[in-house]
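Nothing here was measured: the structure is a model prediction, and the numbers come from that model. Computation of the quantities below employed the complete heavy-atom set of this structure, encompassing side-chain atoms and omitting hydrogens, waters and symmetry-equivalent molecules.
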Amino acid sequence: MSATGRSTASPREPWNSALYAEAVGARDGDLSLRDGEGWCLPLDVGRWCQRADAGDQSVVERCAGRVLDIGCGAGRLVEALTLRGHEVLGIDVCPSAVVATVCRGGAARSSSVFGPLPEEGGWDTALLIDGNIGIGGDPRLLLRRIRDLVRDRGLLIVETAPADVDERRRVRIHVGQQAASPVFSWAIVGAHALIRHAWLSGWATAEQWEITSAERHFVALRARA
């Protein structure tokens, strides 16, 4: 299932949902994250499965050296980085996403960022794009984990929520109105909150930018010694 190693994803991972996997395979679908209070976050699977767009290219242009794409999805960033000559590994807990990445010519493995990973402490750049700062529902825990994955002075590029938010939710993946996963924790973090969490987790802010036409916002962080 993996291009570079065995699967370490649990079958109970919410992103292993058959309906989510089908949406990734079909490169489309009416998917969202929803909680019990009516909150809803649409998941743009169609865009995730396309080629890298202008916002993605702004990330690719800032990457240095060996790159770890955390929550790589269907692999558009892995593909773009590979074409630019980077050594890059995508990780994702959804085996279908890993297959999609490999089919695009990228290296990927089915793994959690919180599990054992190759070359820990040696990555030059790590990525959390498409809201993946939400993974695990605890941004500081996630940021501290990634600090252990990158080298000293390594780079982390995060795509943040466009709004000034800092929320924790208990959500399910939905296809249309149908729940398609177990309940799991997710975080929604804007740029100001990310910068605060980052400083307390071993990172300094290097750059902020946005792609106004697509309402996408990014922060580059540098690992502190």
Side-chain angles (χ1 to χ4, degrees), residues 1-5 7-9 13 15-16 20-21 24 27 43-45 47-136 139 142-143 145-151 154-160 189 194 198 203 206-207 211 216-223:
M1 191 66 70
S2 165
T4 60
S7 171
T8 59
E13 280 282 358
W15 301 98
N16 283 347
Y20 174 73
V24 171
R27 303 190 173 195
L43 302 178
D44 195 357
V45 177
R47 180 178 64 79
W48 297 351
C49 293
Q50 295 172 7
R51 291 289 183 93
D53 62 16
D56 302 323
Q57 292 295 345
S58 77
V59 171
V60 169
E61 290 165 3
R62 289 166 167 83
C63 289
R66 302 170 64 247
V67 183
L68 180 67
D69 185 5
I70 298 162
C72 66
R76 72 186 192 282
L77 285 163
V78 173
E79 177 186 49
L81 286 158
T82 300
L83 290 172
R84 287 178 70 102
H86 287 274
E87 180 182 347
V88 53
L89 175 67
I91 63 169
D92 203 289
V93 295
C94 175
S96 296
V98 171
V99 170
T101 301
V102 172
C103 288
R104 297 171 87 144
R109 60 182 286 158
S110 184
S111 297
S112 165
V113 65
F114 296 109
L117 291 171
E119 306 297 329
E120 295 199 12
W123 295 96
D124 298 296
T125 304
L127 303 179
L128 286 172
I129 308 303
D130 299 327
N132 284 334
I133 184 63
I135 291 171
L142 179 58
L143 290 165
R145 169 57 177 152
I146 298 172
R147 177 63 186 85
D148 291 337
L149 296 175
V150 302
R151 63 173 177 79
L155 188 69
L156 170 61
I157 301 177
V158 182
E159 182 171 2
T160 68
V189 181
L194 174 69
W203 301 90
E207 185 182 3
I211 306 298
R216 297 182 69 188
H217 297 249
F218 303 91
V219 178
L221 304 170
R222 184 71 65 183

Do any N or O atoms from the side chain of [X] and from the backbone of [Y] form a donor-acceptor pair under 3.5 angstrom?
| X | Y | result |
| --- | --- | --- |
| R62 | L155 | no |
| D92 | G73 | yes |
| W123 | V88 | no |
| R145 | V113 | yes |
| N132 | G71 | yes |
| H86 | G65 | yes |
| E120 | L149 | no |

Legend entry - Separation of L81 CG from R66 CZ (nearest 0.5 Å):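 Output value for this atom pair is 13.0 Å.
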Please report the shortest heavy-atom distance between [X] and [Y], naming the atom on each side.
| X | Y | result |
| --- | --- | --- |
| V189 | P139 | CG2-CG, 3.7 Å |
| I146 | A126 | CG2-CB, 3.8 Å |
| V60 | A80 | CG2-CB, 4.0 Å |
| I157 | C63 | CD1-SG, 4.3 Å |
| S112 | L117 | O-CD2, 4.0 Å |
| V150 | A223 | CG2-CB, 4.1 Å |

Legend entry - Qualifying residue, where the test is side-chain contact (heavy atoms from CB on, under 4.5 Å) with R109 and the options are V98, I91, T101: I91
Inset, instruction - Identify the residue among V219, L156, L128 that makes a side-chain contact (heavy atoms from CB on, under 4.5 Å) with I133. - result: L128
State, with a plain yes or no, whether a side-chain heavy atom of [X] is found less than 4.5 Å away from one of [Y].
| X | Y | result |
| --- | --- | --- |
| D69 | L89 | no |
| P95 | V99 | no |
| I211 | S58 | yes |
| F218 | T160 | no |
| W203 | R147 | yes |

Inset, instruction - Using salt bridge (Lys or Arg N to Asp or Glu O under 4.0 Å) as the criterion, list what pairs up with E79, not counting sequence neighbours. - result: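 Listed in chain order: R51, R104.
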Inset, instruction - Please list, chain by chain and in numerical order, all residues satisfying salt bridge (Lys or Arg N to Asp or Glu O under 4.0 Å) with R84, sequence neighbours excluded. - result: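 So R84 forms no salt bridge (Lys or Arg N to Asp or Glu O under 4.0 Å) with any residue.
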Inset, instruction - Could you please spell out the steps behind the side-chain contact (heavy atoms from CB on, under 4.5 Å) verdict for E159 and D56? - result: CA-CA 10 Å; E159 182 171 2; D56 302 323; 5.6 Å; no
Inset, instruction - Inspect the contact between D130 and R76 and indicate whether a charged nitrogen and a carboxylate oxygen are less than 4.0 angstrom apart. - result: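 A salt bridge is present here (some side-chain N lies under 4.0 Å from a carboxylate O).
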Legend entry - Lys/Arg N to Asp/Glu carboxylate O, D53 vs R216, below 4.0 Å: yes
Inset, instruction - Please report the C-alpha distance between I129 and L77 in whole Å, then the side-chain angles of each, then the deciding distance to 0.1 Å, and finally whether the side-chain contact (heavy atoms from CB on, under 4.5 Å) criterion is met. - result: CA-CA 9 Å; I129 308 303; L77 285 163; 3.7 Å; yes
Inset, instruction - Would you check, one step at a time, whether the test side-chain contact (heavy atoms from CB on, under 4.5 Å) holds for L127 with L68? - result: CA-CA 6 Å; L127 303 179; L68 180 67; over 6 Å; no
